[in-house]
Amino acid sequence: MNDVIDTDVLIIGAGPVGLALALDLARRGVPSVVVDDTAVDTGVLPAKAGLLNERTMEICRQWGVADEVRAAGAPADYPRDTVYCTALVGGELIGRSQVPPISALPRDLSPETTAKCPQFIFDPILERAALETGLVDLRRPHRLVAYREQDGSVTAEVADMSATGRRTETISAAYLVGCDGAASTVRRQAGIPFDGGTLDYSISVITEIESLEEHHPFGRAERFMFIDERGTWCNVTSMDYQKYWRFTFLGYPEKPALDEFDAEAAVAAAVGSSDLPLRILGAVPWRRSESAARTYHQGRVFLAGDAAHTTSPTGGHGLNTGIGDAATLGWILAGLVDGWAGPEAAEAYTAERRPVALRNSGISSVHYRNWVDGVDFRGATAPGAAGKRERERIGRDLADVLSSQWSSQGVSLGYRYEDSALILDDGSVAPPDDPSSYTPTAKPGHRAPHVVLKDGRSTLDLFGAGFTLLSFGERGEHDQDVALLQAAATERGLPLQVEHIDEPDARSVYERRLVLVRPDGMVAWRGDLVGGTTVAAQVVDRARGAGSTTHA
C-alpha cells in the first residue's frame, strides 16, 4: 500500500487561483498540497489572462508580491488605447478609445493601480512566493483520480503522471479545493450543477511581433478591433506591451476544428497584409461561456476560480474574480483548520462570492455583445465620403458603449457582500453599484476604504494577518469597548489586532468609532458596543460564523 500523505488543505490545480490560495493559506500558517496535471508551466500558450485590477494588486500587496508583479509586468507608460479599424495595413480607421497608461492612473481610491502582467509571468511569481513559505507542497504532473469524504476528512487518489511511470498516491486532507478550471473534475465528482452556458467559440492565435507600431499608421495601442458590416470579427491584444500579441477570431457557433483553420491566412486577413514580420507560436480554440456553480461548497469540498464560475474575457474580470475567491476562502479555511471559525463560515463563502461572479460575468457578457452587435455596423467598409461618415459614427458609438469596459474601477473595488452570515449590517445606505466608478464606503460587507495615514501607510496596509479592529479617536478614548472585543476574540481564538487611529480624515471616511475589518479587507461590523459584553460576543461570533445576529 502507498503511504498516505497528510495535509490540511488539498488544492487541485496550480493556475493563478490555486497558487494564490496556497500562498494565502501559507501566510496564515496552514500547509497545503497542490497538484496539477501539467509537467511545467506552458508559457504563452494557451492564451491566458493579463490584466490585474486594483483589487487584485491590493491583495498582492498583502501577500508581499505587488512590487515584483509590477516590475515584471508590462511598461507602465505604454498607452492602453483601443483602436477600431478595418485592418492594420491599408485599413480604414473607425475610431479610438483613449485610455491613460498605467503610469498616469490616480491612486486616490487605492494605493495600487491596475497592472498588465501576463499570466505566464504572474503565475511563476505566485508559485515562487508560495514555495518560499515552506508550507506548500507542489506536485506536478499529478492528476486527481477520485476522492471520498469520510470521518471528518477528504481522501484523494492522485495519479503521478511523470515519465518515471504512472503510480497512484493517497492524500488525506481536512479540506479539498477545486481550482481545476471550467471542466473541473472536483465539481463534476461532487455533482454540483454548473448553471449557465456557452456564448460561442473563439480561436486565439498567439504571435510574436517586434515593434508592431512600425508597420501600421495607427500608433501604439493595447488593442485593435477589426470591424466590418458583421461587427467585430477579430481583435488583437498586446499580452506584454512588448512582443507577444494575441489575435482572437470571434463568433464560431460550434467548437472549430484546428485542422480546418489556416492561422496564417486568418492573421493576414486581420492585419491586411501577409508581409508583416511575425511568428505564429500556436493556435488555441476555446469556449466563451457565462456559468456559475450552483454552490461553491459541499461538505469539506470547495470550488474557486473557473471551477466555480466562467466569464467572457471582455473586461479581464475572470482571473481577478478568482483571486478574490482565494482571498476570501483562504481566511475561512484557516479558521476552519485552526478551529475558531464557526459552521456558518463555510456556507458564507458561496453567499459572498457567487453573487460577485454573477455580477462580473454578466458585465463581461454585455461588453462582448457590444463588441459584436452593440451598434449599427452598416457602412463600416463602404467607400467614399459616405463610408467615412459611417465609420466615424460607428467609432463614436463603440467608444460610448464600451467606455465602461476600459474604465471599470467600480467592478474591481465596488463589489459587496450583501447576504452573508458573516456580516453585521448597520442599516446604512450603500452607494450605487456602478461598474465604471467606485464610491468609497465602510458599510459592512464592502471593501474597507483606502486612506493615506500620516505615516504614509494606507489603511489597507493594516489588514490581512487576522481580523483588525480600527479604533478612531485619541488613544484610550474607547479602551473599554476595545477590551470587551479583545476579550471576546481571545476567548474564541479569533486572531485580532487593534489599530488606534487619531486622524480625523480617516475617521470621516470610516464614519464610526469602531470598525472591524476581516482578513480579506472587507468590513464585518462598525458601530458602538451599547450592549457591553453581550454585544461584543455577538459581534465576534457573527464575524467568525458562529452566530446569526442581524444587528449589533
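Computed over heavy atoms, backbone and side chain alike; hydrogens, waters and symmetry mates excluded. Worth saying up front: this structure is predicted, and the values here are computed from it rather than measured.
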Does the pair Arg513/Glu477 count as a salt bridge with the N-to-O cut at 4.0 Å? no

Quick one: do Arg507 and Asp505 make a salt bridge, cutoff under 4.0 Å? no

Verify the ring-centre separation between Phe302 and His297: is it less than 6.0 angstrom? yes

Under the side chain to side chain donor-acceptor pair (under 3.5 Å) rule, collect the residues that match up with Asp520, sequence neighbours excluded. Thr328, Trp331, Arg518

More than 12 non-hydrogen atoms from neighbouring residues, nucleotides or ligands closer than 6.0 Å to CD on Gln480, yes or no? no

Apply the test side-chain contact (heavy atoms from CB on, under 4.5 Å) to residues Arg359 and Tyr415: give CA-CA distance (whole Å), side-chain angles for both, the deciding distance (0.1 Å), then the verdict. CA-CA 9 Å; Arg359 162 195 186 252; Tyr415 64 91; 3.5 Å; yes

Thr311 versus Ser364, side-chain donor and acceptor atoms under 3.5 Å: no

To the nearest 0.5 Å, atom CG of Asn320 lies from atom CG of Leu52 at 6.0 Å

Would you say Thr350's side chain and Tyr296's backbone share a donor-acceptor pair under 3.5 angstrom? yes

Would you say Asp541's side chain and Gly547's backbone share a donor-acceptor pair under 3.5 angstrom? no

One should read off an interatomic distance between Cys179 SG and Ile11 CD1, to the nearest 0.5 angstrom, of 6.0 Å

Evaluate the salt bridge (charged side-chain N to carboxylate O under 4.0 Å, His left out) criterion for residues Asp37 and Arg140: first the C-alpha distance (whole Å), next the side-chain angles of each, then the deciding distance (0.1 Å), finally the verdict. CA-CA 6 Å; Asp37 60 6; Arg140 56 159 61 114; over 6 Å; no

Apply side-chain contact (heavy atoms from CB on, under 4.5 Å) to Glu112 and Arg70, showing your working. CA-CA 10 Å; Glu112 298 289 340; Arg70 196 173 298 284; 2.7 Å; yes

Pair Thr295-Arg354, side-chain donor/acceptor within less than 3.5 Å: no

Any ion pair linking Glu503 and Lys454 (charged N to carboxylate O, less than 4.0 Å)? no

Would you call Lys443 and Glu418 a salt bridge, taking side-chain N to carboxylate O under 4.0 Å as the test? no

I'd like to know if the side chain of Thr133 reaches the main chain of Ala130, judged simply by a donor and an acceptor atom lying under 3.5 Å from each other, with no hydrogens or angles considered. yes

Ionic contact status for Asp528 with Arg512, cut-off 4.0 Å: no

Can you give me the closest heavy-atom contact between Ser312 and Leu199, atom names plus distance? CB-CD1, 4.2 Å

Distance only, no hydrogens: is a donor on one side chain within 3.5 Å (strictly under) of an acceptor on the other, for Ser471 and Glu499? no

Within this structure, what is the CG-CD distance for the pair Leu19 and Glu127, rounded to the nearest 0.5 Å? 6.0 Å

Could you pull out every donor-acceptor pair under 3.5 Å between side chains of residues 456-468 and any protein atom, sequence neighbours left out?
residue: Arg457; atom: NE; partner: Asp455; partner atom: OD2; Å: 2.8
residue: Arg457; atom: NH2; partner: Asp455; partner atom: OD2; Å: 3.1
residue: Ser458; atom: OG; partner: His450; partner atom: ND1; Å: 2.7
residue: Ser458; atom: OG; partner: Leu460; partner atom: N; Å: 3.0
residue: Thr459; atom: OG1; partner: Pro449; partner atom: O; Å: 2.8
residue: Thr459; atom: OG1; partner: Val451; partner atom: N; Å: 3.0
residue: Asp461; atom: OD1; partner: Arg61; partner atom: NE; Å: 2.7
residue: Asp461; atom: OD1; partner: Arg61; partner atom: NH2; Å: 3.4
residue: Asp461; atom: OD2; partner: Arg61; partner atom: NH2; Å: 3.2
residue: Asp461; atom: OD2; partner: Ser458; partner atom: N; Å: 3.1
residue: Thr468; atom: OG1; partner: Leu462; partner atom: O; Å: 3.3
residue: Thr468; atom: OG1; partner: Gln497; partner atom: NE2; Å: 3.2

Identify which one of Leu329, Ile423, Asp419 satisfies the side chain to side chain contact (heavy atoms under 4.5 Å, CB included) criterion when paired with Glu352. Ile423

With distance as the sole test, does Arg55 use its side chain to make a donor-acceptor pair with the main-chain N or O of Ser412 at under 3.5 Å? no

Decide yes or no on side-chain contact (heavy atoms from CB on, under 4.5 Å) for Arg188 and Phe194, but give the supporting numbers first. CA-CA 9 Å; Arg188 292 174 187 272; Phe194 208 38; over 6 Å; no

Tell me yes or no: between the side chains of Ser103 and Asp77, is some donor less than 3.5 Å from an acceptor? no

Taking the side chain as C-beta and beyond, is there a heavy-atom pair between Phe472 and Pro504 under 4.5 Å? no

Has Gln298 got a side-chain atom pairing as donor or acceptor with Ala190's backbone, closer than 3.5 angstrom? yes

Does the Ser361 side chain pair with the main chain of Ala357, one donor and one acceptor, at a distance under 3.5 Å? yes

Step by step, work out the side-chain contact (heavy atoms from CB on, under 4.5 Å) result for Arg80 and Ile102. CA-CA 8 Å; Arg80 297 187 299 145; Ile102 290 171; 3.9 Å; yes

Ion pair check, Arg544 and Glu344, cut-off under 4.0 Å: no

Side chain Ser404, main chain Val401, donor-acceptor under 3.5 Å: no

Taking atom CG of Asp108 as the centre, report whether more than 12 heavy atoms of other residues, nucleotides or ligands fall under 6.0 Å from it. yes

Test the Arg526-Tyr510 pair against the cation-pi criterion, namely NZ or CZ under 6.0 angstrom from the six-membered ring centroid and within 45° of the ring axis. no

May I ask you to decide if Gly305's main-chain N or O and Asp325's side chain share a donor-acceptor pair within less than 3.5 Å? yes

Using the side chain to side chain donor-acceptor pair (under 3.5 Å) criterion, which residues pair with Gln405? Sequence neighbours excluded. Trp371

Is a side-chain N or O of Asp180 found less than 3.5 angstrom from the main chain of Gly13, in a donor-acceptor match? no

